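Worksheet: the structure to be examined is printed underneath.
This is a predicted model, so every value here is computed, not measured. Every number for a ligand or one of its atoms is a count from 1 in the order of the listing.
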Amino acid sequence: MSRVMVLNGPNLGRLGSREPDVYGDQDLSALRVLLVEEAGEGVEVDLRQTDDEAELVHWLHEAVDERTPVILNPAAFTHYSYALRDAAALVTKAGIPLVEVHISNPHAREEFRHRSVISGIASGVIAGFGFDSYVLALEAVRRLG
Ligand code: DQA
């Protein structure tokens, strides 16, 4: 693996100030620094965030076309976006790893967060470990080759 896409959905651009009791007080640039460090020299970390469902879908198409593994935090889209699920299925059905991650543990929160429409087609799911969810996902993607 020479590159990994780390894709983040809506409102995750507000990390640092958004509900710090739930998501911590570090922002996406701190996450980027952490992952670049964890990835080491041979792996490029391509971390992006958007509030736009269509943009996220297009990034997943890009992952398929370039055969790039994906770490995906779909944020609120997790719970209802069939468009995102179908795009994520394109990735895993092409044999490319896609790990769903969450900073919080959605199962310990409101009921609407208990359902993920993405998990059923993801290679695996890691949730509840803060930014370490992404670090663990990076290791999972590495092991999946
Ligand atoms: C989240 C959990 C989602 O329920 C929520 O909508 C988010 C963030 C997480 O990382 O814990 O925006 O995906």
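The residue V22 has no part lying near ligand 1, judged by heavy-atom distances below 4.0 Å. For R14, no heavy-atom contact with ligand 1 is shorter than 4.0 Å. Counting heavy atoms closer than 4.0 Å to ligand 1, residue R113 contributes side-chain atoms (C-beta onward) but none from N, CA, C or O.
Atoms of ligand 1 lying under 4.0 Å from at least one heavy atom of A76, given by number and element, are 6 (O), 12 (O).
Closest to atom 12 (O) of ligand 1 by heavy atom, among H102, R18, H79, H114, is R18.
The same ILVMFWY cluster, assembled from side-chain heavy atoms under 4.5 Å apart, contains both V4 and F129. In the hydrophobic clustering of ILVMFWY residues, with side-chain heavy atoms under 4.5 Å counting as a link, V117 and I126 come out apart. Under the 4.5 Å side-chain contact rule for hydrophobic residues, V33 and V135 do not share a cluster.
From the protein, the heavy atom lying nearest to atom 8 (C) of ligand 1 is Y23 OH, 3.5 Å. Among all protein heavy atoms, the one lying closest to atom 11 (O) of ligand 1 is S104 OG, 2.6 Å.
Remark: the T78 side chain and the E100 side chain contain no N/O donor-acceptor pair separated by less than 3.5 Å. S29 and D27 share a donor-acceptor pair across their side chains, judged by distance under 3.5 Å alone.
Where the criterion is an N or O separation shorter than 3.5 Å, residue side chain and backbone included, R109 fails it with respect to ligand 1. Taking distance alone, with nitrogen or oxygen atoms compared against 3.5 Å, I103 approaches ligand 1 more closely than that limit.
Counting only distance, with no hydrogens or angles, the side chain of R142 and the backbone of A39 share a donor-acceptor pair below 3.5 Å.
Using a 4.0 angstrom heavy-atom cutoff, N11 does not count as in contact with ligand 1.
Exactly one residue among V45, V101, V99 makes a side chain to side chain contact (heavy atoms under 4.5 Å, CB included) with Y134. That residue is V101.
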